[in-house]
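Order of listing sets the numbers, starting from 1, for every ligand and every atom in it. A quick note: this is a predicted structure, and the numbers were derived from the prediction, not measured. Sequence positions, counted from 1, serve as the residue numbers for this chain.
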Amino acid sequence: MNIGFLASHQGSNMQSVVEACRDGGLAADPAVLICNNRQAKVVARAKQQGIPAYVLNAKTHADPDELDRAMLDALREQACDMIVLAGFMKKIGPRVLKAFAGRIVNIHPSLLPKYGGRGMYGRRVHEAVLSSGDAVTGVTIHLVNGEYDEGRILAQCEVPVLPGDTVDTLAARVLEREHSFLVETLVEIVTGRLRLRGD
Ligand code: GRF
């Protein structure tokens, strides 16, 4: 299973998956990173790990269809079998969506459908959880369609909200859980216990 990562920022989730691939915990290979932001830490991480990294965005491809095509070319060049969105801040184009239908997963730092959708990312998610007074938040891994944070939910796990939590403490607790949960869920997918399509 060759995994293509799409990410925009730190890439800590990509890193945890790459480590699981390298230490044998996950029977998959990190095949490529596509990032929209040249300065993002995830690009440096990919290079350090020897993973081909492509920076593709509206500057490299002004026409959205050309950008979509370039992303698909990169994924095919690196023989990707599935795509993991790990903090990717852009919508996926129709060509990539069609070519990888049912083989694109996203990780989101809340219990969707709570605190998802357009504009609900990063600290905003945890701010919303804290202002709601929820005692529990979590992590969702779901299939990707053309909309933000929609698509069939594949797996969820809970993370407690603790008294005195700030956005920073809650975000750190959820992110730490994301790292293990993403690997656990990919193991389920790669071993066929969790089916992405046809079910
Ligand atoms: C994670 O919280 C993920 O759930 C969300 O974006 C963040 C990415 O973090 N989609 P990182 O770049 O993997 O560190």
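- From Asn13, atom CG reaches atom CD1 of Ile107 across 4.5 Å, with rounding to the nearest 0.5 Å.
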Discussion item. If you apply the rule side-chain hydrogen bond (donor to acceptor under 3.5 Å, both in side chains), what do you find for Ser8 with Asn37, and how did you get there?
Written reply: CA-CA 6 Å; Ser8 301; Asn37 173 9; over 6 Å; no
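- Ile3 is not connected to Val96 by any chain of hydrophobic side-chain contacts under 4.5 Å among Ile, Leu, Val, Met, Phe, Trp and Tyr, and they are in different clusters.
- Ligand 1 lies under 4.0 Å from heavy atoms of Gln10, Gly11, Ser12, Asn13, Gly87, Ile107, His108, Pro109, Glu178.
- If you check the side chains of His179 and Ser12, you find a donor sitting under 3.5 Å from an acceptor.
- Here Arg173 contributes atom CZ and Leu162 contributes atom CG; the two are 3.5 Å apart, rounded to the nearest 0.5 Å.
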Worksheet entry | Stepwise salt bridge (charged side-chain N to carboxylate O under 4.0 Å, His left out) check, Arg69 with Asp73 | CA-CA 6 Å; Arg69 195 189 294 263; Asp73 287 348; over 6 Å; no
